[in-house]
Amino acid sequence: MPESSVRVAIVGGGWAGLAAAVELAAAGTRVTVLEAAKQLGGRARSVTLSGQRQRLDNGQHILIGAYRETLRLMQQVGVAPARVLHRLPLQVSFPGCRPRPFRLRLRRLPAPWNLAAGLLAARGASFAEKIGAARFMRFLQNNGYRIADDCSVAALLDRHQQHGNLRRYLWETLCLAALNTAPEDASAQIFLNTLRDSLGGGPAATDLLLPAVDLDQLFAVAAAAFIRARGGEIRLRTRVEAIDDGFSIAGERYDAIVVAVDPTHAATLLAPHPATASVAQLLADYRFEPIGTVYCAYPPELRLPFPMLGLAAQDDGQIGQWVFDRGTLCGTPGLMAFVLSGHGAWEALDNQALVAALDGELATTLQRTLPTVVWQQVIRERRATFSCRPGLRRPSARSARTGLWLAGDYVCADYPATLEAAVRSGVTAARGILRSA
């Protein structure tokens, strides 16, 4: 593509900002990415923690086959998804739940036969639950996965008489994993959007895509090289505190700016200008949900029967939700990554108590005595995602201030706070700039 004279600043080097920068650079636009941190990736990055010899992801991320834009951009910057992602059919497995283990595995069939076949073969759910779930999905399909008035996921499941193990281990589990918000608080419409594109999508849309490399290698490193190769710049440790009326940042003028930072920082940048003050107030009122990731290194012989397992509650209640076998996924035998989504009892535990609780849940899940943990690392992201609640107002990519655009998972109105939402928002902002240039 011929080089454009238009200069665009991307404020924020997370996946949204990088997606915008890649899309613009591919079209010949001169881009400058300004990132406050010492590395790219935002909330999906790899870190070297004190006392650890190896790099760890700041959280265990999951992609699915429906993430079309993410997979497209990975390929565009030279990352082959087949080499960096383990593609597995969706399996929701809780082997330690009582009185019977729960397991549902989807086959690669067109909707609705994928779920129908999965329900038929599912273990740990009654026949009545399976019929009820099938009726629920048929209702959603007949109504285009739309509801007249948004409500909580829990209210929607109550309305359609979803109970028992299928409610707990399928619908509520998928809700918490996708929206990082408890079903009692989560937006039913956003949840249905995720079901539409996954369970209601093509045969491979529900596939689990589990990273086989650290998060930096999935996109950020290759995206930076792609941008630089097309004349763009990446400036790390460069925090933008203000955007003046002339679109100048640190004395340099730009023709357009993409604000691709978290809602709180975005509100600070948008508040001073009258045209964007209302959006700034909207974002300032957002609430947030935490995510915890606990790495426990066991002796290398410990392996899980499936790379991703649901945890079983102990007598004193549930703490974790999932555990991932990083040995199978990333070649670090014995390393387990426990995931804790949304607010919960885990937040009140100190690191030692939290590790002990998760170790106990894994032992209950596997029904065996576990070897002693060799080392452990707890990562708490207290404001990991916005709280995806019913009726939440979301800003659009195009702001009321000409030339200023927004990108971030909170901008993609159809989706919760996921990597795909971040990427889609960045692509939308970039294409808007290209159309208006």
Original post:
Would Leu209 and Leu71 satisfy side-chain contact (heavy atoms from CB on, under 4.5 Å), going step by step from the backbone distance to the final call?
Top reply: CA-CA 10 Å; Leu209 307 180; Leu71 295 172; 3.9 Å; yes
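- Here the side chains of Leu362 and Leu304 are in contact, with some heavy-atom distance below 4.5 Å.
- Within 6.0 Å of atom CZ in Arg7, more than 12 heavy atoms from other residues, nucleotides or ligands are found, so the atom counts as buried in its surroundings.
- For Ser436 and Arg398, the side-chain atoms include no donor-acceptor pair closer than 3.5 Å.
- In this structure the side chain of Thr181 never reaches within 4.5 angstrom of the side chain of His343, judged on heavy atoms.
- Using a 4.5 Å heavy-atom threshold, the side chains of Leu34 and Glu233 count as separate.
- In summary, the side chains of Glu420 and Thr70 do present a donor paired with an acceptor at a separation below 3.5 Å, with no hydrogens or angles considered.
- A donor-acceptor distance shorter than 3.5 angstrom exists from the side chain of Thr365 to the backbone of Ala312, with no hydrogens or angles considered.
- A donor-acceptor contact closer than 3.5 angstrom is absent between the side chains of Gln39 and Arg45.
- Using modelled atom types, no side-chain atom of Glu184 and backbone atom of Ala154 make a donor-acceptor pair closer than 3.5 Å.
- The ring-ring contact (aromatic ring centres under 6.0 Å, His included) contacts involving residues 242-276 comprise nothing, where partners must be two or more places apart or lie in separate chains.
- Side-chain contact annotation: Thr293 with Gln60, donor-acceptor N/O pair under 3.5 Å absent.
- Side-chain contact check for Trp322 versus Met308: some heavy-atom pair is nearer than 4.5 Å.
- In this structure, Asp409 CG and Ser425 OG are separated by 7.0 Å, a value rounded to the nearest 0.5 Å.
- Classification of Glu347 and Arg380 as a salt-bridged pair fails, no side-chain N sitting under 4.0 Å from a carboxylate O.
- Residues Leu311 and Gln318 have side chains in contact (heavy-atom distance under 4.5 Å, counting atoms from C-beta outward).
- Of the possible polar contacts, one joining the Arg43 side chain to the Ala384 backbone as a donor-acceptor pair under 3.5 Å is found.
- Proximity of a side-chain donor or acceptor of Ser187 to a complementary backbone N or O of Ile190 within less than 3.5 Å is detected.
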**OP:** List the steps, then state whether side-chain contact (heavy atoms from CB on, under 4.5 Å) holds for Phe102 with Cys97.
**Re:** CA-CA 7 Å; Phe102 179 87; Cys97 71; 3.7 Å; yes
Subject >> Audit row: Tyr169, Phe94, ring-ring contact (aromatic ring centres under 6.0 Å, His included) steps and yes/no >> reply: CA-CA 8 Å; Tyr169 295 116; Phe94 288 80; 4.6 Å; yes
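- No side-chain heavy atom of Thr418 sits less than 4.5 Å from a side-chain heavy atom of Thr385.
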Subject >> Leu195 and Tyr145: CA distance, side-chain angles, deciding distance, side-chain contact (heavy atoms from CB on, under 4.5 Å) verdict >> reply: CA-CA 8 Å; Leu195 294 183; Tyr145 294 89; 4.2 Å; yes
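- Residues forming a side-chain hydrogen bond (donor to acceptor under 3.5 Å, both in side chains) with Tyr298 (at least two apart in sequence, or on another chain): Asp359.
- Side chain to side chain, Arg196 and Gln141 fail the donor-acceptor criterion of an N or O pair below 3.5 Å.
- For Arg230 (side chain) and Phe226 (main-chain N/O), a donor-acceptor pair under 3.5 Å exists by modelled atom type.
- Residues passing the salt bridge (charged side-chain N to carboxylate O under 4.0 Å, His left out) test with Asp207, sequence neighbours excluded: Arg87, Arg108.
- Taking every heavy atom of both residues into account, Tyr286 and Phe386 meet most closely at CD2-CB, 3.8 Å.
- Using a 4.0 Å cut-off between charged nitrogen and carboxylate oxygen, Arg389 and Glu289 count as a salt-bridge pair.
- Side-chain N or O atoms of Ser248 include none that pairs as donor or acceptor with a backbone N or O of Gly251 at under 3.5 Å.
- In this structure, Asn114 contributes its side chain and Leu199 its backbone to a donor-acceptor pair below 3.5 Å.
- In summary, the side chains of Glu381 and Asn58 do present a donor paired with an acceptor at a separation below 3.5 Å, with no hydrogens or angles considered.
- The closest side-chain heavy-atom distance from Ile243 to Ile257 is below 4.5 Å.
- Residue pairs meeting the ring-ring contact (aromatic ring centres under 6.0 Å, His included) criterion with at least one partner in residues 391-415, sequence neighbours excluded, do not occur; the list is empty.
- Between the Thr332 side chain and the Cys330 main chain, no donor and acceptor come within less than 3.5 Å of each other.
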Name each donor-acceptor pair under 3.5 Å that joins a side chain in residues 211-225 to protein atoms two or more places apart or in another chain, with its distance.
unit_1	atom_1	unit_2	atom_2	d
Asp214	OD1	Ser46	OG	3.3
Asp214	OD1	Asp216	N	3.2
Asp214	OD1	Gln217	N	3.3
Asp216	OD1	Ser46	N	3.1
Asp216	OD2	Arg55	NH2	2.6

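- Contact check on Arg167 versus Glu172 returns a salt bridge, with a Lys/Arg side-chain nitrogen under 4.0 Å from an Asp/Glu carboxylate oxygen.
- Within the 3.5 Å criterion, the main-chain N or O of Leu329 finds a donor-acceptor partner in the side chain of His86.
- Minimum heavy-atom separation, Leu269 to Val240: CD2-O, 3.5 Å.
- The closest side-chain heavy-atom distance from Trp375 to Tyr295 is below 4.5 Å.
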Residues 8-20, side-chain donor-acceptor partners within the protein, below 3.5 Å, at least two apart:
unit_1	atom_1	unit_2	atom_2	d
Trp15	NE1	Ala44	O	3.3

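- Closest non-hydrogen pair, Pro81 versus Val79, comes out as CD-O, 3.1 Å.
- Residue Asp150 comes nearest to Pro390 through the heavy atom pair OD2-CA, 3.2 Å, listed as atom of the first residue, atom of the second, then distance.
- Within the 3.5 Å criterion, the main-chain N or O of Asp414 finds a donor-acceptor partner in the side chain of Asn193.
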**OP:** Go through the steps for Leu340 and Ile291 under the test side-chain contact (heavy atoms from CB on, under 4.5 Å), then give the verdict.
**Re:** CA-CA 6 Å; Leu340 309 105; Ile291 293 178; over 6 Å; no
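- Under 4.0 Å is where a charged nitrogen must lie from a carboxylate oxygen, and between Arg287 and Asp185 no such pair does.
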